[in-house]
Number of protein chains: 2
Amino acid sequence: MSSKCLAPEAPSLCNAELVAVVFDLEAIGEGELTPGVLTVRAGEALPSGSLRTDHASLQRGMRHWVESLTGYRLGHTEQLYTFADTLSVGDITRLVRISYLALLHPSVDPRNWLSIYEYFPWEDRRKEGEAHQVGSIARRMMAWALNDATQRTRCAVAFGLEGHEWNDELVLQRYELMWQAGLVPESPDGVGENAIGRAMEHDQRRILATALSRIRAKIRYTPAVFDLLPERFTLFAVQQAVEALAGRPMHKQNFRRLLLGQQLVEETDSLDSNGHGRPARLYRFRRDHVQECYLTGARLPLPSLI
Amino acid sequence: MSSKCLAPEAPSLCNAELVAVVFDLEAIGEGELTPGVLTVRAGEALPSGSLRTDHASLQRGMRHWVESLTGYRLGHTEQLYTFADTLSVGDITRLVRISYLALLHPSVDPRNWLSIYEYFPWEDRRKEGEAHQVGSIARRMMAWALNDATQRTRCAVAFGLEGHEWNDELVLQRYELMWQAGLVPESPDGVGENAIGRAMEHDQRRILATALSRIRAKIRYTPAVFDLLPERFTLFAVQQAVEALAGRPMHKQNFRRLLLGQQLVEETDSLDSNGHGRPARLYRFRRDHVQECYLTGARLPLPSLI
DNA sequence: CCTCTATATGCTCAAAATGAGCATATAGAG
DNA sequence: CTCTATATGCTCATTTTGAGCATATAGAGG
């Protein structure tokens, strides 16, 4: 009855690769923020490496590779997903990729960091006006799906067309639809010339999409944003961070009300005098108090926000 | 710069095991429902087996094992988590366990199915009165944590003590705290006599806890319950299913209002005349309509419900 | 037939949360 | 002193929750 008894064939061994998606926040120009991702090989890949016998755990192995490849030491991390490659004929071993998500406080060193919106330009909808090509992409997608009702619905849902709302968590779905439609460089029968967004090795852009989706979901019911902010920050900085991650603008007064209502932050006596208008008060994340309530895994903070 | 270049040691190979947590709903006595889990070896283990080269994907491999061990063919599945075992000295290969979650419509064949509350009796709080030992467990936990403030807070949060609310999604946290406290049979320095709940091989009870936690989260923003129900059902049956999974009672009229408001179900013309009082109308899940809106991964239905 | 009981279903109402916007406060620039 | 820019405080209509009362419709027992 044991599964071992039922497997007369020797179980095929495999090579486990650990992949890390590390996010932070980058300042780009006039108080503009964008989420940055830590890359290697000039943005072509995520930090990764094989699981070895001297790694005490999956997480440790992943940390080891990030540290030796980029020098960064990670804080809290979270497992994302495990992918298996498709096997070529004759392969003896197969590859399993186990991916992790980590957040880092802003770093002064911009080496190896790239905006995630370089990879997914269509995901940044903070400025409806310029609207990074979203309209054009949506049109190309609907044209592609013209003859298939199922695909057409999927595109409409994914890209917020035909009465559907734009859902910022559908990052992976959008990427995969575009992959199928041949709009990204990795597409199998893609039209390379019109491909959108920067490519990555293997299926790593899928991993990145999964990570973006996860962090967008996570900031809604978790105080995760604070892992990306400095020790002291203004409330508007929190808003800008959430906006940068979610890729959409939000209502300032309501954001403030919600944030203060959650008891997540406490005032300091200092002000931020760098801005143009009235100086903003600096706040501090109540890490101890919040951990007590939520870090155990409980749901809650920042409910709808968006 | 490549990660491969930085790894002079040969990457250690590993054995990937696929583990399935399959849930359904079981009737036990007077209209009582409980979530059942599909097991092998008389409830001692979850269906599992090694990933092989003839498996087209992780998911396919997992399906293969479930089918050959239990005869069940799975529908929609979802990856849960990947665990690595701790390595003993001298081991050449290590084991990586990739776990999946699946839901099945009620089956007539009760073989191999066991109530998840056999493994986690303290998680069923539908009847506050009898309260499966919850009070006693909580007391033992707080006694154990007496000298460590951090542990005491964790226990209070996990078990809903000292002003904290009971959070039904903290299944894994509760299990791990009890493991540390020596209240479960798997505990390292456990007191076997007073151990609570049925044991499982390896760390499979942790996998089961992860699965229960996931499904409890999932039914809140996803129409997942309907994968556990027959084609036609009463609204109260939906409620009982959600209650069985969440392990807590809910308000009947509000549940109904919410469910109907979501446009998730449609009336049929039949009634259910099995009950004692006024016959209840039978409904049908609007699978097509709902898939269009949500199955792409979108959030929503059944918001707070509990 | 009527009555009782059990369940389904319909409806109300106060409290809380949300979405939008107006009003005021406080800095630097001119 | 005035203008502009941003921070911060407050209001109000709408929606969503949470709780419970009231009515409807079946079978059981007289």
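Numbered from 1 within each chain, the chains take letters A, B, ... in sequence-line order.
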Strand partner of [N], provided both Watson-Crick or wobble distances fall under 3.5 Å:
N      : answer
C:dC2  : D:dG29
C:dT24 : D:dA7
C:dA14 : D:dT17
D:dT2  : C:dA29

Criterion salt bridge (charged side-chain N to carboxylate O under 4.0 Å, His left out) on A:Lys218 and A:Glu78, from CA distance to verdict: CA-CA 11 Å; A:Lys218 207 173 156 65; A:Glu78 175 179 331; 2.7 Å; yes
For the pair made of [atom1] in [X] and [atom2] in [N], what is the distance, rounded to whole Å?
X        : N      : atom1 : atom2 : result
B:Asn254 : C:dT12 : CG    : P     : 15 Å
B:Tyr221 : D:dT16 : OH    : C1'   : 21 Å
B:Leu260 : C:dT9  : CG    : P     : 9 Å
A:Gln253 : C:dG21 : CD    : P     : 10 Å
A:Arg220 : C:dT18 : CZ    : C1'   : 14 Å
B:Leu271 : C:dA6  : CG    : P     : 21 Å
A:Met250 : C:dG21 : CE    : P     : 16 Å
A:Arg256 : D:dG9  : CZ    : C1'   : 9 Å

Per nearest nucleotide of DNA chain C, the residue lying toward the 5' end, B:Gly277 or B:Tyr283, is B:Gly277
Let me know, please, whether A:Pro279 or B:Leu282 comes out on the 5' side of the other along DNA chain C by nearest nucleotide. B:Leu282
Answer yes or no: is there a donor N or O on one side and an acceptor on the other, between the side chain of B:Arg248 and the main chain of B:Glu243, under 3.5 Å? no
Expected output: side-chain B:Arg154 to main-chain B:Arg174 donor-acceptor under 3.5 Å: no
Return the nearest nucleotide to the side chain of B:Arg278; candidates are D:dG20, D:dT6, D:dT25. D:dT25
Provide the closest heavy-atom pair for B:Ser115 versus B:Thr34 in the form atom of the first, atom of the second, distance. OG-OG1, 2.9 Å
Would the A:Phe233 and A:Phe226 ring centres measure less than 6.0 Å apart? yes
Any N/O donor-acceptor pair, B:Arg257 side-chain to C:dG10 base, under 3.5 Å: no
